[in-house]
Amino acid sequence: YANEPYSISFINKEAGAWATLGQTRGDGDMILKISLRENGDFRRMAKVLLQLDSQNRTDTLTIKQKGIEPSLTCASPFVTAKGSEAGTVSFDIDTNIPFEQIAISYSEGADKWIHNIDYVEGKVVMDVDQNGATPRNSTVKLAFTELWDTPTEVTLLVKQSDSSDNFGTE
């Protein structure tokens, strides 16, 4: 494999902030030294590309460094909201992830009546608009993906009554 010159580089550039390559060029057999800084944050991963100068062959090394395992849980991920008036709903959330690093996505149309999602004192709170004649429900997904490409997520369900505060008939 190493019968010609090759380059060594990080595929994910952010790895360069905490990992250092001992060399960025090679020619023939060698020992590759990679130094890692201590990790006091979430688990992380570096991908190192080895590529022949002729580009006829490439290999990738993956280095995973242990760290804090992210946690995002909700013991009761379902709430109901009155449809007769605008209001606020909340979910008790247990997490070690800074809220600004959590991605928020909605089921189709939910962003038209669910707004201002925030994390306050262990709760995810969100405003809901007043509803019309038909009950509605939507999901709100909170997700975080660490550098190990492992997703941590929770899906919250908001069900809102109609404008008369009814959820329908049987």
Side-chain angles (χ1 to χ4, degrees), residues 9-20 34 36-49 58-170:
S9 61
F10 287 116
I11 293 174
N12 53 332
K13 302 301 179 198
E14 67 274 3
W18 56 272
T20 306
I34 302 172
L36 307 176
R37 292 195 183 100
E38 186 175 341
N39 187 9
D41 206 345
F42 295 113
R43 302 178 298 195
R44 54 192 179 191
M45 177 172 53
K47 291 188 178 185
V48 179
L49 177 68
T58 62
D59 276 315
T60 303
L61 302 173
T62 300
I63 302 160
K64 291 184 173 183
Q65 187 179 33
K66 289 184 178 183
I68 299 167
E69 189 166 340
S71 172
L72 178 62
T73 60
C74 180
S76 183
F78 171 79
V79 296
T80 58
K82 289 176 111 181
S84 61
E85 58 189 39
T88 301
V89 296
S90 66
F91 297 87
D92 291 328
I93 299 287
D94 184 25
T95 186
N96 62 354
I97 305 165
F99 193 68
E100 61 272 5
Q101 293 182 27
I102 294 175
I104 300 170
S105 60
Y106 304 87
S107 57
E108 188 174 338
D111 59 340
K112 300 197 181 345
W113 63 279
I114 298 175
H115 310 279
N116 303 323
I117 298 176
D118 200 2
Y119 184 73
V120 181
E121 298 177 5
K123 294 181 182 295
V124 167
V125 295
M126 56 189 82
D127 295 337
V128 294
D129 292 344
Q130 183 176 3
N131 196 6
T134 306
R136 58 188 172 186
N137 61 58
S138 289
T139 57
V140 177
K141 185 162 107 176
L142 308 177
F144 171 77
T145 302
E146 62 181 348
L147 294 178
W148 278 21
D149 293 330
T150 304
T152 301
E153 58 190 42
V154 65
T155 301
L156 310 172
L157 175 64
V158 179
K159 186 168 186 161
Q160 188 180 42
S161 64
D162 63 21
S163 59
S164 297
D165 292 332
N166 295 312
F167 284 101
T169 57
E170 291 186 34

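Given the structure is predicted, the values throughout are model-derived calculations rather than measurements. Note that the numbering runs from 1 along the sequence shown for the chain.
The backbone N or O of Asp127 lies less than 3.5 Å from no partner atom in the side chain of Asn116, so there is not a single donor-acceptor pair. Formation of a donor-acceptor pair under 3.5 Å by the Asp94 side chain with backbone atoms of Thr73 is not found in this model. A donor-acceptor distance shorter than 3.5 angstrom exists from the side chain of Thr95 to the backbone of Ile97, with no hydrogens or angles considered. The backbone N or O of Leu142 sits nowhere less than 3.5 Å from a side-chain atom of Glu153 that would complete a donor-acceptor pair. Under a 3.5 Å cut-off, the side chain of Asp162 and the backbone N or O of Ser164 do form a donor-acceptor pair. Side-chain N or O atoms of Asp118 include none that pairs as donor or acceptor with a backbone N or O of Val125 at under 3.5 Å. The main-chain N or O of Gly83 is never found under 3.5 Å from a side-chain atom of Gln130 such that the two would form a donor-acceptor pair. When atom types are taken as modelled, the side chain of Asn137 and the backbone of Leu157 share no donor-acceptor pair closer than 3.5 angstrom. For the pair Gln65 (side chain) and Ala46 (backbone), a donor-acceptor distance under 3.5 Å is absent. Between the side chain of Asp129 and the backbone N or O of His115 there is no donor-acceptor pair closer than 3.5 Å.
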Show your reasoning for whether side-chain contact (heavy atoms from CB on, under 4.5 Å) applies to Asp149 and Met45. CA-CA 8 Å; Asp149 293 330; Met45 177 172 53; 3.4 Å; yes

Does Glu69 form a side-chain contact (heavy atoms from CB on, under 4.5 Å) with Arg43? I'd like the steps, not just the answer. CA-CA 6 Å; Glu69 189 166 340; Arg43 302 178 298 195; 3.8 Å; yes

Let me see the working for Val158 and Phe91 under side-chain contact (heavy atoms from CB on, under 4.5 Å), right down to the final yes or no. CA-CA 10 Å; Val158 179; Phe91 297 87; 3.9 Å; yes

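If you take CD on Glu146 and CG on Asp41, they are separated by 10.0 Å, rounding to the nearest 0.5 Å. Rounding to the nearest 0.5 Å places NZ of Lys141 at 12.5 Å from CD1 of Ile104. Between the OG atom in Ser71 and the CG atom in Asn96 there is a gap of 5.5 Å [rounded to 0.5 Å]. Here CE of Met126 is found 9.0 Å from OG of Ser90. Values are rounded to the nearest 0.5 Å.
When the side chain to side chain donor-acceptor pair (under 3.5 Å) test is applied to Lys123, the partners found at least two apart in sequence or on another chain are Asp92.
Surrounding CD of Glu100 are more than 12 heavy atoms belonging to other residues, nucleotides or ligands, all under 6.0 Å away.
Contact between Pro135 and Ala133 at its shortest, heavy atoms only, is CD-O, 4.1 Å. Shown here for Asn12 and Lys47, the closest heavy-atom pair between the two residues is OD1-N, 2.8 Å. Scanning both residues, Arg44 and Trp148, for their nearest heavy atoms gives O-NE1, 2.7 Å. Between Gly109 and Trp113 the shortest heavy-atom distance is O-CD1, 3.5 Å. The minimum heavy-atom distance between Asn39 and Gly67, with the atom names listed, is ND2-CA, 3.7 Å. The two atoms that bring Ser161 and Asn131 nearest to each other are O-ND2, 2.9 Å, heavy atoms only.
Ring orientation note: the planes of Phe42 and Phe144 are tilted relative to one another, at an angle of 30° to 60°.
The only option from Ile93, Val79, Thr139 that meets the side chain to side chain contact (heavy atoms under 4.5 Å, CB included) definition with Leu156 turns out to be Ile93.
Contact annotation: the side chain of Phe10 never approaches that of Ile63 to less than 4.5 Å [non-hydrogen atoms, C-beta and beyond].
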